[in-house]
Chemist: 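Sending over a structure as structure tokens; questions will come in a sec.
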Amino acid sequence: MTHISVPNNLPKVLSRQPPGWQPFLDGPTGRIVPRELIEELADFAPSHRDPADIAEAANQLRLSRALKSGRLRAPADQLLALLALLAHRNHAVLDLSRIMGLSETQLQAMVAFLEHVGFLSEDLTVTKRGRDELKNSKRLKRIATAGLDGSQDPYYPQSLR
């Protein structure tokens, strides 16, 4: 039987066992999560997080702006956010799952894809190819418009550089 335990720096009130008090955690050390709680939380799914916010949290501000512009499609947004997180700092898969708001299965599928295309190595390190992809995705398309949408009027420039 496997026990799930918690860190030893929890507030004492969670593991206290005086008379008349039912502690939140079990075990002689007061650090084992009760089986009923594990079963109750088994179906918990983290809320989905915005890839642009994830990129911003990973200090990828230009990538965050590119993602907010809507220039990329949703699956690419999540893959780039995952790459940005791993480029910023190495994380465990469970931590990445929590940060991105995805199930562990979904995250492992994304990691497998990024490894398959050569953006990640097996130890979750971003490869040169992955860094190049991150660098290219930060670039926003530069759009020059004269504001002529739907107008048949001739355009006269206001100034020349």
Side-chain angles (χ1 to χ4, degrees), residues 2-11 13-15 24-25 31-34 37-151 155 157-161:
T2 305
H3 294 290
I4 297 177
S5 64
V6 294
N8 63 357
N9 60 352
L10 288 176
V13 71
L14 294 176
S15 60
F24 184 70
L25 303 172
R31 292 181 43 209
I32 297 176
V33 179
L37 183 61
I38 295 170
E39 291 170 3
E40 187 178 324
L41 296 177
D43 293 333
F44 174 75
S47 60
H48 179 72
R49 292 204 44 215
D50 183 33
D53 293 340
I54 295 168
E56 189 171 336
N59 277 346
Q60 299 281 345
L61 301 179
R62 286 178 37 213
L63 176 61
S64 176
R65 280 184 292 224
L67 293 172
K68 285 178 184 175
S69 75
R71 162 175 87 82
L72 303 169
R73 295 191 181 126
D77 286 359
Q78 290 182 336
L79 290 170
L80 286 169
L82 178 57
L83 263 180
L85 280 171
L86 290 169
H88 179 63
R89 185 169 43 128
N90 206 354
H91 293 277
V93 173
L94 206 56
D95 291 336
L96 291 168
S97 173
R98 180 187 51 79
I99 292 168
M100 294 194 63
L102 299 171
S103 72
E104 193 173 345
T105 307
Q106 290 173 309
L107 193 82
Q108 286 175 340
M110 290 172 62
V111 167
F113 174 77
L114 291 173
E115 286 176 357
H116 177 72
V117 295
F119 292 165
L120 286 180
S121 62
E122 288 185 22
D123 63 346
L124 299 183
T125 305
V126 180
T127 62
K128 181 180 179 335
R129 187 172 179 190
R131 290 196 185 280
D132 290 344
E133 183 64 26
L134 267 176
K135 183 178 172 184
N136 290 332
S137 64
K138 292 177 186 178
R139 295 186 182 134
L140 287 172
K141 288 183 180 177
R142 299 183 200 277
I143 300 172
T145 178
L148 298 177
D149 293 332
S151 173
Y155 171 69
Q158 299 299 318
S159 66
L160 299 174
R161 293 189 182 204

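When a residue number appears, it is its place in the shown sequence, counting from 1. Everything numeric here is computed off the predicted structure, so don't read it as measured data.
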Chemist: Is there a donor-acceptor pair under 3.5 Å between the side chain of Ser64 and the backbone N or O of Ala52?
Modeler: yes
Chemist: Over all heavy atoms of both residues, which pair between Ala81 and Met100 is shortest? Give the atoms and the distance, please.
Modeler: CB-CE, 4.2 Å
Chemist: According to side-chain contact (heavy atoms from CB on, under 4.5 Å), who are the partners of Asn90, at least two apart in sequence or on a separate chain?
Modeler: Leu86, Leu124
Chemist: Mind jotting down which residue pairs meet the side chain to side chain donor-acceptor pair (under 3.5 Å) criterion with at least one end in residues 114-123? Sequence neighbours excluded, please.
Modeler: Ser121-Asp123, Asp123-Thr125
Chemist: Closest approach of Leu107 and Leu82, non-hydrogen atoms and distance?
Modeler: CD1-CD1, 4.1 Å
Chemist: To the nearest 0.5 Å, how far apart are CG in Leu114 and CZ in Arg129?
Modeler: 11.0 Å
Chemist: Provide the closest heavy-atom pair for Leu134 versus Ala87 in the form atom of the first, atom of the second, distance.
Modeler: CD1-CB, 3.7 Å
Chemist: Under the salt bridge (Lys or Arg N to Asp or Glu O under 4.0 Å) test, which residues partner Asp95, sequence neighbours left out?
Modeler: none
Chemist: Go through the steps to decide whether Lys128 and Arg131 satisfy the test side chain to side chain contact (heavy atoms under 4.5 Å, CB included), and finish with yes or no.
Modeler: CA-CA 5 Å; Lys128 181 180 179 335; Arg131 290 196 185 280; 5.6 Å; no
Chemist: Got a sec, which residues hit side chain to side chain donor-acceptor pair (under 3.5 Å) with Asn59, two or more places apart in sequence or on another chain?
Modeler: none
Chemist: Applying side chain to side chain donor-acceptor pair (under 3.5 Å), name anything that partners Gln106, two or more places apart in sequence or on another chain.
Modeler: Ser103
Chemist: Looking at every non-hydrogen atom in both residues, tell me the closest pair between Ala84 and Gln60 and how far apart they are.
Modeler: CB-CG, 3.6 Å
Chemist: Taking side chain to side chain donor-acceptor pair (under 3.5 Å) as the definition, give me every residue that meets it alongside Thr127, ordered by chain and number, with sequence neighbours left out.
Modeler: none
Chemist: Report the C-alpha separation of Leu102 and Gln78 in whole Å, then their side-chain angles, then the decisive distance to 0.1 Å, and conclude whether the side chain to side chain contact (heavy atoms under 4.5 Å, CB included) test is met.
Modeler: CA-CA 10 Å; Leu102 299 171; Gln78 290 182 336; 3.9 Å; yes
Chemist: Only one of Leu63, Asp77, Leu80, Leu79 clears side-chain contact (heavy atoms from CB on, under 4.5 Å) with Pro51; which?
Modeler: Asp77
